[in-house]
J.: 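Before we start, here is the structure in question, set down as structure tokens.
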There are 2 protein chains.
Amino acid sequence: MAEPMYRQIADDLRRQIEAGELPPGARLPTEIELMERYNASRNTVRDAIKLLISRALVETRAGQGTFVVETINPFVTTLTSDPETGRGGGEGDVYIAEVTAGGRTTVISDPRVEIQRAGAATADALRIEEGDQVVSRHYQRFIDGTPFSLQTSLYPMSLVSRGATRLLEAQDIVEGTVVYLADTLGIKQVGYRDSIQVRPPDEPEISFFRLPADGQVAVFEIYRVSFDETGKRFRLTITVYPVDRNRLRIDVGAVPPRADDAAPGGPAPAGSAGGSAPGRGS
Amino acid sequence: MAEPMYRQIADDLRRQIEAGELPPGARLPTEIELMERYNASRNTVRDAIKLLISRALVETRAGQGTFVVETINPFVTTLTSDPETGRGGGEGDVYIAEVTAGGRTTVISDPRVEIQRAGAATADALRIEEGDQVVSRHYQRFIDGTPFSLQTSLYPMSLVSRGATRLLEAQDIVEGTVVYLADTLGIKQVGYRDSIQVRPPDEPEISFFRLPADGQVAVFEIYRVSFDETGKRFRLTITVYPVDRNRLRIDVGAVPPRADDAAPGGPAPAGSAGGSAPGRGS
DNA sequence: GCAAATTTGTTCGTATGTATT
DNA sequence: CAATACATACGAACAAATTTG
């Protein structure tokens with residue numbers, strides 16, 4: 001018994017899915033039927049299904065069954081700046097332009113505006129003291145009706161006291177906050193730094209993005225710190241993207257227009273392009 | 001019974017870990033002891049532990065026990081080009097410089113060189129025909145003795161027939177392949193495009209990186225296509241990074257020196273900075 | 001609207017296999 | 001070889017979600 005049975009079952013089901021015998025949206029046999037077909041106990045069948053869930057191949061719905069996931073058309077966010085305008089990728093109108101260029105539609109919620117005290121991560125990123133007040137502007141973003149990302153921008157309260165009072169209004173700043181801060185306070189964004197992590201989703205994210213409750217599908221978390229001409233940090237933007245429906249892109253130097261490239265890999269070609277680790281990996 | 005018991009147990013253990021009662025490296029009580037402590041069955045205790053594994057908080061070692069993960073000092077790869085040299089981040093000597101700048105040491109394997117036929121993803125990325133021959137140069141990279149990344153560069157075979165024969169040698173090209181191709185064939189890299197996905201690791205990756213066998217810890221997969229002056233695609237580099245020990249960084253415009261920023265979040269501050277989705281997420 | 005049937009979710013108990021010390 | 005600890009597998013029962021009649 002080299003391979004455990006639950007993995008053999010999972011492999012067989014995966015093969016059927018990848019061969020198209022079980023197309024996206026199809027319902028798998030019930031656990032009882034799979035028990036009989038593979039001559040295994042229900043727990044073993046369920047272990048196999050859990051493996052497929054963790055690989056994002058199927059999803060279960062209590063009372064209904066287990067279904068092959070509908071392949072989500074991933075959205076590609078270009079993080080480097082728009083070469084035309086120099087404005088940062090993934091934000092405001094640059095984001096909207098990128099969505100509509102792909103023939104898709106986006107809905108962005110009105111901002112939820114809060115005054116908060118800076119936590120350790122925020123204080124460090126903005127070079128302020130922990131506990132200092134910051135303005136938080138939080139957006140939910142949908143593409144073609146599906147939740148795709150959550151974005152929160154944090155500004156030091158000092159910007160408001162210096163006159164950027166519209167940061168406190170719970171409505172969109174149509175010209176974009178970068179332009180607004182430039183017009184109002186003369187703060188020009190000359191650069192930004194993104195830091196990208198991957199982590200399991202927290203409870204609110206699971207609920208908003210409708211992710212599996214056990215945290216199998218991770219999220220990208222991108223911290224973007226914006227710098228003005230004097231090297232001062234005036235904004236921290238945190239964007240959260242579920243990895244199952246988002247890709248990131250970076251353009252450096254002279255590259256062809258964006259439309260030229262689709263994102264590689266639908267259901268993860270898994271090393272097909274290059275082969276992976278040889279056997280001497282231990 | 002709002003919360004299932006296995007999640008309550010997981011939450012309690014997580015609290016102990018985050019409070020430092022169970023410091024990194026500590027062994028958790030055995031499953032039998034946890035059964036008694038929480039008055040639950042062994043299966044339920046194991047379900048709780050599985051949840052902690054998927055959050056990368058603990059790891060199990062058969063025959064030994066369950067341990068709080070040693071917090072890995074994440075390595076930060078800057079994907080945008082080095083402003084000094086213009087060379088791409090994460091490759092060759094730029095990678096080495098970034099590792100040593102952090103006071104760490106890296107070991108890079110000799111390349112494993114193969115002639116392959118292009119799969120669909122490779123052919124699409126390099127704009128060649130599926131089945132065309134490509135040269136694959138594959139490296140394993142370690143930092144401070146721990147496996148951190150796998151990198152495979154693919155070159156159209158036409159480069160070799162045009163004279164870049166050292167691509168076939170199974171030894172490092174010390175000046176870097178970008179410089180070598182410029183010297184030999186006059187192919188200058190003027191830009192590149194990165195596409196970033198996250199997917200579960202495949203078997204060789206699990207073994208090389210020593211990841212949990214059930215694929216709970218995902219990997220970054222970065223496709224980098226390099227362009228020459230004529231807009232031609234002459235190289236595809238695929239780099240795989242486990243997300244539990246790697247961060248990515250992007251610098252755009254005028255930003256402070258790289259050393260200034262640590263990566264945020266050790267064990268995932270989980271929305272602490274901004275709050276996440278409000279309740280209207282459904 | 002309600003009740004029954006179906007299907008997955010959670011929990012228990014037990015036995016045996018495999019890896020490590 | 002023996003003891004310990006996790007890994008896999010079986011069987012059973014009840015709960016919760018959903019659909020159907």
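Quick note on labels: first sequence line is chain A, next is B, and so on, each numbered from 1.
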J.: Check whether any side-chain nitrogen or oxygen of A:R42 sits under 4.0 Å from OP1 or OP2 of C:dT8, and answer yes or no.
T.: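 Indeed not, no polar side-chain atom of A:R42 lies that close.
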
J.: Can you see if the side chain of A:T30 gets near the phosphate of C:dT6 - specifically, an N or O under 4.0 Å from OP1 or OP2?
T.: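 No.
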
J.: Any heavy-atom pair between the side chains of A:I108 and A:I96 that's under 4.5 Å?
T.: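 The answer is yes, as the side chains (C-beta and beyond) meet within the 4.5 Å cut-off.
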
J.: For A:G63 and A:N43, take the nucleotide of DNA chain C holding the closest heavy atom to each; which residue's nucleotide lies nearer the 5' end?
T.: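 So the residue in question is A:G63.
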
J.: Kindly say if B:T44 contacts the phosphate of C:dC12, meaning a side-chain N or O under 4.0 Å from OP1 or OP2.
T.: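 Yes.
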
J.: C:dT7 P sits how many Å from A:I49 CD1, rounded?
T.: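 Roughly 13 Å, once rounded to whole Å.
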
J.: Expressed in angstrom and rounded to an integer, what is the separation of B:Q64 atom CD from D:dC6 atom P?
T.: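 One finds 10 Å between P of D:dC6 and CD of B:Q64, rounded.
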
J.: C:dG17 P sits how many Å from A:D47 CG, rounded?
T.: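 One finds 18 Å between P of C:dG17 and CG of A:D47, rounded.
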
J.: Mapping B:G65 and A:V45 to their closest nucleotides on DNA chain D, which lands nearer the 5' end?
T.: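 So the residue in question is B:G65.
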
J.: From CE of B:M5 over to P of C:dG9, roughly how many Å is that when rounded to an integer?
T.: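 Value for this atom pair: 18 Å.
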
J.: Report yes if the side chains of A:Q8 and A:D11 come closer than 4.5 Å at any heavy-atom pair, otherwise no.
T.: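 A:Q8 does not reach A:D11 side chain to side chain.
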
J.: Flag the pair A:E33 and A:R37 as a salt bridge only when some basic side-chain nitrogen lies within less than 4.0 angstrom of an acidic carboxylate oxygen.
T.: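 Looking at A:R37 together with A:E33, the answer is no, because their closest N to O distance does not fall below 4.0 Å.
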
J.: Under 4.0 Å between any heavy atoms, over every strand shown, what does B:R61 touch: base, sugar-phosphate, or nothing? Just pick one.
T.: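 Here B:R61 touches the backbone only, sparing every base.
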
J.: Charged N to carboxylate O under 4.0 angstrom, A:E205 versus A:R199?
T.: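 Counted as a salt bridge, because a side-chain N and a carboxylate O are separated by less than 4.0 Å.
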
J.: Between A:L51 (CG) and D:dA9 (P), how many Å, whole number?
T.: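 That distance rounds to 12 Å.
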
J.: Please report, rounded to the nearest Å, how far the P atom of D:dA3 is from the CD1 atom of B:I32.
T.: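 B:I32 atom CD1 is separated from D:dA3 atom P by 16 Å.
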
J.: Does A:F75 have A:R104 sitting over its ring (NZ/CZ under 6.0 Å from centre, angle to axis within 45°)?
T.: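 The answer is no; the distance or angle limit is not met.
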
J.: With a 4.0 Å limit, can you tell me whether A:T66 has a side-chain N or O closer than that to the phosphate oxygens OP1/OP2 of C:dT7?
T.: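 Negative; the distance criterion is not met.
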
J.: Side chains of B:S149 and B:R141: donor-acceptor distance under 3.5 Å anywhere?
T.: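 B:R141 and B:S149 do have a side-chain donor-acceptor pair below 3.5 Å.
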
J.: Using OP1 and OP2 only, check whether a side-chain N or O of B:R46 sits under 4.0 Å from D:dA5.
T.: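 For D:dA5, neither OP1 nor OP2 has a side-chain N or O of B:R46 closer than 4.0 Å.
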
J.: Look at the side-chain N and O atoms of B:T60 and state whether any lies under 4.0 Å from the OP1 or OP2 oxygen of D:dA7.
T.: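 For D:dA7, OP1 or OP2 has a side-chain N or O of B:T60 closer than 4.0 Å.
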
J.: Can you tell me how far the CG atom of B:L28 sits from the CD1 atom of B:I49, to the nearest 0.5 Å?
T.: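 Rounded to the nearest 0.5 Å, the CG-CD1 separation comes out at 6.5 Å.
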
J.: Represent DNA chain D in dot-bracket notation, 5' to 3'. Only Watson-Crick or G-U wobble pairs with both distances under 3.5 Å count; pseudoknot-style crossings use [ ] and interstrand partners use |.
T.: .||||||||||||||||||||

J.: Output the rounded distance in Å from OH (A:Y6) to P (D:dC10).
T.: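 Value for this atom pair: 13 Å.
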
J.: Nearest whole angstrom, please: distance from the P of D:dA5 to the CZ of B:F67.
T.: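 Distance check: B:F67 CZ to D:dA5 P gives 10 Å.
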
J.: Taking the side chain as C-beta and beyond, is there a heavy-atom pair between A:F209 and A:R245 under 4.5 Å?
T.: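 Sidechains of A:R245 and A:F209: in contact.
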
J.: Which nucleotide, C:dT8, C:dT11, D:dT8, lies nearest any side-chain atom of A:E31?
T.: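 Selected nucleotide: C:dT8.
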
